[in-house]
Amino acid sequence: MNRSIHWLLLYFLVIQAATAQTRTGVLAEPVYNYDEAKVGDLTLPDLLRTTAGKQVTSRADWAARRAELLQLFAENVYGKTPAQPVRLQFQTTSIQQNALNGLAIRKQVSIVFTDYPKLPPIEVLIYVPKNAAKPAPVFMGLNFCGNHCVSPEADIPLSTRWVDNAIGEVSVNNRATEKSRGMQERRWPIDTILKRGYALVTAYYGDIEPDHKTGWRSGIRSVLGDTARYNGPQDSQWGAIGAWAWGMSRIMDYIQTDPALDARRVVLMGHSRIGKAAVWAGVQDERIAAVISNESGEGGAALSRRWYGETVERVNTSFPHWFTGRYKTFNQRVADLPVDQHELLALVAPRPLYVASADGDQWSDPKGEFMGALYAEPAYKLYGKTGLGVTTFPGLNQSVGQTVRYHNRTGKHDVTNYDWAQYLRFADELVR
Ligand code: GTR
């Protein structure tokens with residue numbers, strides 16, 4: 001065969017093979033699945049059986065199993081949260097007595113890291129209802145784009161921290177612009193929350209760690225934990241989700257010092273990646289009274305073994321900084337994970353838990369989130385409580401359950417007024 005024809009043939013063969021591989025997802029981004037028929041059988045780890053094979057039958061047994069599960073999630077999924085205490089200073093930078101047309105007292109507080117002067121503070125925005133019982137129960141949650149973008153008030157300083165340019169024209173060179181003011185106001189119906197008697201406490205998640213692959217260098221992980229081994233294939237160092245969860249606990253530290261806020265009635269709400277972090281914070285920090293996972297999906301409320309929507313491999317590939325190095329070793333062998341996410345949700349027990357999905361957000365796997373909530377039930381039973389109490393997937397826009405609640409609303413990946421209406425009722429009934 002003529003030499004150049006030979007090379008041409010070889011070239012076509014290679015291209016063929018490469019595109020075939022891309023089709024099967026080997027070379028391209030790892031695949032996801034939207035076909036229920038392809039999900040296959042689901043064998044979940046037994047929540048009430050210890051690694052040593054002991055059956056959990058009492059609350060005392062559960063205390064030991066709970067500690068074991070916390071450790072397994074730390075080692076395999078989120079990484080170990082450094083236990084060392086960190087000295088904090090709470091500096092009130094402004095108080096507005098008549099915020100939101102007299103509805104609230106607004107405070108801005110910087111959580112300063114005394115021992116790490118190079119670390120910027122966590123800037124906390126607090127609204128306390130004026131005409132409500134004090135101390136006020138609290139909705140707490142991190143926001144995606146800075147306090148200025150969730151408040152309708154124009155005098156909230158623009159966040160000066162790194163923001164994702166992908167959000168749109170609202171940022172330039174990874175810094176927020178005036179255009180982002182109020183951008184996510186719709187997701188935080190502050191007036192409604194206040195009128196129902198709750199305070200709202202929020203901060204930008206990027207204050208704790210900027211959400212990109214090397215964001216750890218300017219966040220809390222640059223000074224806490226063994227960053228030298230960051231994200232190695234077997235390491236159990238904490239990832240960004242662990243860091244955000246840690247930050248939520250530091251905000252809890254502040255809440256405990258503020259007499260206007262009831263630290264024993266804090267409902268932690270998190271959406272999407274912040275929802276993953278909220279659940280992880282809620283299971284580690286038992287000061288948090290109740291947890292709400294809004295469409296937290298893979299690595300949040302959705303079962304990892306259920307091969308639907310986003311997968312372990314996919315989330316680890318798109319966001320390598322979120323989880324621990326070891327989690328990536330399960331990309332192709334999810335069935336070997338020593339835990340699954342129903343066990344994470346079970347660690348919220350006996351406290352109230354709300355898991356919410358959206359029908360237009362199949363990426364988060366609504367059914368997998370429902371099953372996560374459902375299979376947390378045995379932990380609630382140990383406390384004489386009913387968790388979800390229903391076993392069939394509910395119809396759209398139907399809030400079901402008791403101490404554990406669930407809904408799958410119509411619409412896309414988002415936080416809507418419908419979601420908040422359910423969360424406020426859930427908090428009224430179970431936390432107040
Ligand atoms: C997606 C990611 C999800 C979810 C979401 C979000 O791109 O795949 O796991 O966390 O982002 O945070 O909005």
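Indexing begins at 1, ligand by ligand and atom by atom, following the structure's order. For this chain, numbers begin at 1 and follow the sequence in order.
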Peer 1: Tell me: protein heavy atom nearest atom 7 (O) of ligand 1, and distance?
Peer 2: F319 CZ, 3.5 Å

Peer 1: Ring pair (Phe, Tyr, Trp, His ring centres under 6.0 Å) with F426: which of W420, Y354, Y406?
Peer 2: Y354

Peer 1: Under 6.0 Å from the ring centre and within 45 degrees of the ring axis: does the NZ or CZ of R306 meet both conditions for the six-membered ring of Y308?
Peer 2: yes

Peer 1: Check if H413 has a non-hydrogen atom at a distance under 4.0 Å from any atom of ligand 1.
Peer 2: yes

Peer 1: Mind checking whether Y205 contacts ligand 1 via backbone (N, CA, C, O), side chain (CB onward), both or neither, at a 4.0 Å heavy-atom cut-off?
Peer 2: neither

Peer 1: Have a look at G297, S318, S272 and point out the one with the heavy atom closest to atom 13 (O) of ligand 1.
Peer 2: S272

Peer 1: Show, in sequence, the C-alpha distance, side-chain angles and deciding distance for Y127 and D191, and conclude whether the side chain to side chain donor-acceptor pair (under 3.5 Å) test is met.
Peer 2: CA-CA 10 Å; Y127 285 102; D191 280 25; over 6 Å; no

Peer 1: After noting the C-alpha distance and the side-chain angles of R106 and E153, does the key distance pass the salt bridge (charged side-chain N to carboxylate O under 4.0 Å, His left out) rule?
Peer 2: CA-CA 10 Å; R106 185 188 81 198; E153 299 189 297; 2.9 Å; yes

Peer 1: So, the side chain of N173 versus the backbone of R175: is there a donor-acceptor pair under 3.5 Å, distance only?
Peer 2: no

Peer 1: Look at the aromatic rings of W363 and Y32 and report parallel, tilted or perpendicular, splitting at 30° and 60°.
Peer 2: perpendicular

Peer 1: Using a plain distance cutoff, I'd like to know if K276 has any nitrogen or oxygen under 3.5 Å from a nitrogen or oxygen of ligand 1.
Peer 2: yes

Peer 1: How close does the nearest protein non-hydrogen atom get to atom 9 (O) of ligand 1, and which residue and atom is it?
Peer 2: E310 OE1, 2.6 Å

Peer 1: For ligand 1, which atoms sit closer than 4.0 Å to a heavy atom of W322?
Peer 2: 9 (O), 10 (O)

Peer 1: Hey, is H271 touching ligand 1 through its side chain, its backbone, both or neither, going by heavy atoms under 4.0 Å?
Peer 2: neither

Peer 1: What is the nearest protein non-hydrogen atom to atom 11 (O) of ligand 1, stated with its residue, atom name and distance?
Peer 2: R273 NH2, 2.9 Å

Peer 1: Under a 3.5 Å cutoff, is there a donor and acceptor pairing between the side chains of Q108 and S94?
Peer 2: yes

